[in-house]
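Below you'll find the structure, written out as structure tokens, and then a few comments.
These figures come from a predicted structure and were not determined experimentally.
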2 protein chains.
Amino acid sequence: MTEQFFTFTDKIVNFTKANKELLATALSFRQVTTKTELVSYNKRTDELYFLLKGCLRKYYVKDGEQITIYITAENSFIGAFDSFVTGTPSKETIETLEPTELLVLNKKDLTRLYKEIPLMNEFVRKILEQTLIQFQQALTSFILDSPEERYTKLLSQNPQILQRVPQHMLATYLGITATSLSRIRKRILEKS
Amino acid sequence: MTEQFFTFTDKIVNFTKANKELLATALSFRQVTTKTELVSYNKRTDELYFLLKGCLRKYYVKDGEQITIYITAENSFIGAFDSFVTGTPSKETIETLEPTELLVLNKKDLTRLYKEIPLMNEFVRKILEQTLIQFQQALTSFILDSPEERYTKLLSQNPQILQRVPQHMLATYLGITATSLSRIRKRILEKS
DNA sequence: TTTCTTTCTTGTCTTTTGTAAACGTTTTCC
DNA sequence: GGAAAACGTTTACAAAAGACAAGAAAGAAA
């Protein structure tokens, strides 16, 4: 159950066997159905998730509409970082889009691991470095690219996601309405 | 010269005197004029900067136009993280907008500091956590808010920046053209 | 000061997106 | 299986943004 997780960590740092045993005791397995809220609006969260199987999204509610701001699938960490780090109620909701299997790490255990495993700070630092680069690329794409360009980029970089996520969620994720995405798709079809 | 930097670090972790002496030897002071490129297009960078005084922006070139993707001022770290971390040529340019004073930390020294100062990983991890939250908020604002909302938010959260950065740079930073920002400003004036 | 450059605004026209509503299709779930 | 909900597309109209060009205003430099 944790092999998949350590396959992931092995690409980042060299945890010792002892490290991994400690880590494994801190991780709890959780299996949830579609549409489960892992983090809810205005609730504090002290959990981080490692996705073993399935698909999640993060969304905000604005004017009564759900606006998807993040989508991710297998072998990645996700959490409501703001609430997790600062302890404030979360403005974002994290919800499963499929039956999902995760490993859960809570803040208390993470704090303990930072003390017990010196490599832990380095591990998390490297994860954060990668995540930051990803976020900066996403942010840059919003500034540089048109919605149509963002869609075609998503199409080429992450074609699987299109099979797993409803189009109206993709639309808000691209910063546009479902109507507009439908038009963009039509436009692209007509070009080819 | 480094007091200002340690005032900053003291808010994050408790470096010992010995830590600070080590750190200080790794930091070099640099004073540059307006429009100096700290990181240039297609060049690798192995430097991170801590801004003591002045103002910087990061920009991309698209279709011959400079598109500003980040602006920052005193007491913050900046660098072309992608190039810095992965060693690939930078697609972004970092340029001063004012006469600027900085502390420079290069990658070799940072790598050394990670080994010599255990707290260093924690320090950088915490900086990255904060930066990630900021980036996520910026990204979210692009998805959730209209250009007009982004402008008024910037106005209320960071009014000083408006005095220091030309409007056409702010415009691209907001994801719109200078023309459009000018009209938004007019619209806001007429409302009040 | 005078000149030159940069910056900002305005006008016109075109394209894109948003809003709201309708409609057919697919999926979900008793 | 059948009802209800969710999903995707389309249409008409309104609002916003982009492109391009012209010109005013402000700053920097000779």
Side-chain angles (χ1 to χ4, degrees), chain A residues 32-37 54-55 57 59-68 71 93 95-100 141-155 161-191, chain B residues 33-36 55 57 59-60 62-68 71 95-99 141-155 161-191:
Chain A
V32 295
T33 59
T34 304
K35 291 199 184 178
T36 304
E37 285 189 9
C55 192
R57 68 164 176 149
Y59 68 84
Y60 271 73
V61 174
K62 180 170 191 180
D63 303 330
E65 302 265 304
Q66 296 180 354
I67 314 289
T68 301
I71 299 169
T93 304
E95 179 197 69
T96 54
L97 298 177
E98 299 174 0
T100 295
S141 184
F142 268 95
I143 301 180
L144 280 180
D145 302 332
S146 67
E148 182 163 339
E149 285 171 305
R150 281 201 297 285
Y151 177 69
T152 53
K153 273 193 185 178
L154 185 66
L155 207 71
I161 213 86
L162 301 180
Q163 262 60 56
R164 301 171 75 171
V165 180
Q167 235 135 74
H168 67 276
M169 290 183 192
L170 277 183
T172 60
Y173 179 58
L174 293 167
I176 55 179
T177 59
T179 309
S180 204
L181 179 55
S182 181
R183 282 194 279 242
I184 286 171
R185 285 160 56 82
K186 193 179 178 187
R187 227 155 43 213
I188 292 171
L189 270 177
E190 282 167 357
K191 279 183 193 166
Chain B
T33 59
T34 305
K35 291 197 183 180
T36 304
C55 192
R57 69 164 175 147
Y59 68 84
Y60 271 72
K62 179 170 191 180
D63 304 330
E65 303 265 304
Q66 296 181 353
I67 314 289
T68 300
I71 299 170
E95 179 197 70
T96 54
L97 297 176
E98 301 173 357
S141 183
F142 267 95
I143 300 180
L144 281 180
D145 304 331
S146 67
E148 183 165 338
E149 286 172 304
R150 281 201 296 285
Y151 177 69
T152 52
K153 274 192 185 178
L154 186 67
L155 208 70
I161 214 86
L162 301 179
Q163 263 59 57
R164 301 170 75 171
V165 180
Q167 236 135 72
H168 67 277
M169 290 183 191
L170 277 183
T172 61
Y173 178 58
L174 294 167
I176 55 178
T177 59
T179 309
S180 206
L181 178 55
S182 180
R183 283 195 272 247
I184 285 172
R185 286 159 53 82
K186 193 182 178 184
R187 230 160 34 217
I188 291 171
L189 270 177
E190 283 166 357
K191 278 181 194 165

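For D:dT9, the OP1/OP2 oxygens have a side-chain nitrogen or oxygen of A:Gln167 closer than 4.0 Å.
The distance from atom OH of B:Tyr151 to atom P of D:dA16 is 17 Å, rounded to the nearest whole Å. Nucleotide D:dT10 holds its C1' atom 7 Å from the NZ atom of A:Lys186, rounded to whole Å. Between the P atom of D:dA6 and the CG atom of A:Leu97 lies a distance of 15 Å, rounded to the nearest Å. Between B:Arg187 atom CZ and D:dA15 atom P the separation is 11 Å, expressed in whole Å. Straight-line distance from the NE2 atom of B:His168 to the P atom of D:dC20: 18 Å, rounded to whole Å. Going from atom CD1 of B:Ile188 over to atom P of D:dA16 covers 12 Å, rounded to whole Å. Following rounding to the nearest Å, A:Leu170 (CG) and D:dT9 (C1') show an atom-to-atom distance of 16 Å.
No side-chain heavy atom of B:Tyr60 sits under 4.5 Å from any side-chain heavy atom of B:Gln66. At least one side-chain heavy atom of B:Leu97 sits under 4.5 Å from a side-chain heavy atom of B:Val165. The side-chain heavy atoms of A:Ile67 and A:Tyr59, taken from C-beta on, include no pair separated by under 4.5 Å. No side-chain heavy atom of A:Thr33 sits less than 4.5 Å from a side-chain heavy atom of A:Pro99. Annotation: side chain of B:Cys55 is not in contact with side chain of B:Thr96 (no heavy-atom distance under 4.5 Å).
The existence of a salt bridge linking B:Glu148 and B:Arg187 is confirmed by a sub-4.0 Å separation between a basic side-chain nitrogen and an acidic carboxylate oxygen. A:Arg164 and A:Glu98 are joined by a salt bridge, as a carboxylate oxygen and a charged side-chain nitrogen come within less than 4.0 angstrom of each other.
For CD of A:Glu65, the number of neighbouring non-hydrogen atoms (other residues, nucleotides, ligands) closer than 6.0 Å is 12 at most.
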Inset, instruction - Evaluate side chain to side chain contact (heavy atoms under 4.5 Å, CB included) for A:Thr36 paired with A:Thr100, printing each intermediate quantity in order. - result: CA-CA 9 Å; A:Thr36 304; A:Thr100 295; over 6 Å; no
Legend entry - side chain to side chain contact (heavy atoms under 4.5 Å, CB included) assessment of A:Ile188 paired with A:Thr152: CA-CA 9 Å; A:Ile188 292 171; A:Thr152 53; 3.6 Å; yes
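Comparing the end axes of the helix from C:dT1-D:dA30 to C:dC30-D:dG1, each fitted to five base pairs by superposing C1' atoms of four pairs onto the next four, gives an inter-axis angle of 60° (nearest 10 degrees).
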Check nucleotides 27-30 of chain D for protein N or O atoms closer than 3.5 Å to its own N or O atoms and list the pairs.
none

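Taking every heavy atom of residues 177-184 of chain A and every atom of DNA chain D, pairs under 4.0 Å involve A:Thr179, A:Ser182, A:Arg183, by number.
Bracketed by its first and final contacts, the part of DNA chain C lying under 4.0 Å from non-hydrogen atoms of chain B reaches from C:dT7 to C:dT12 in 5' to 3' order.
The cationic group of A:Arg150 lies under 6.0 Å from the six-membered ring centre of A:Phe142 and within 45° of the ring axis, placing it in a cation-pi geometry.
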List, one per line, each side-chain donor-acceptor pair under 3.5 Å for residues 168-179 of chain B, sequence neighbours excluded.
residue: B:Thr172; atom: OG1; partner: B:Thr68; partner atom: N; Å: 3.0
residue: B:Thr172; atom: OG1; partner: B:Met169; partner atom: O; Å: 3.0
residue: B:Thr177; atom: OG1; partner: B:Ser180; partner atom: N; Å: 3.2

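Scanning for side chain to side chain donor-acceptor pair (under 3.5 Å) contacts around B:Lys62 gives A:Asp145, A:Glu149, with sequence neighbours left out.
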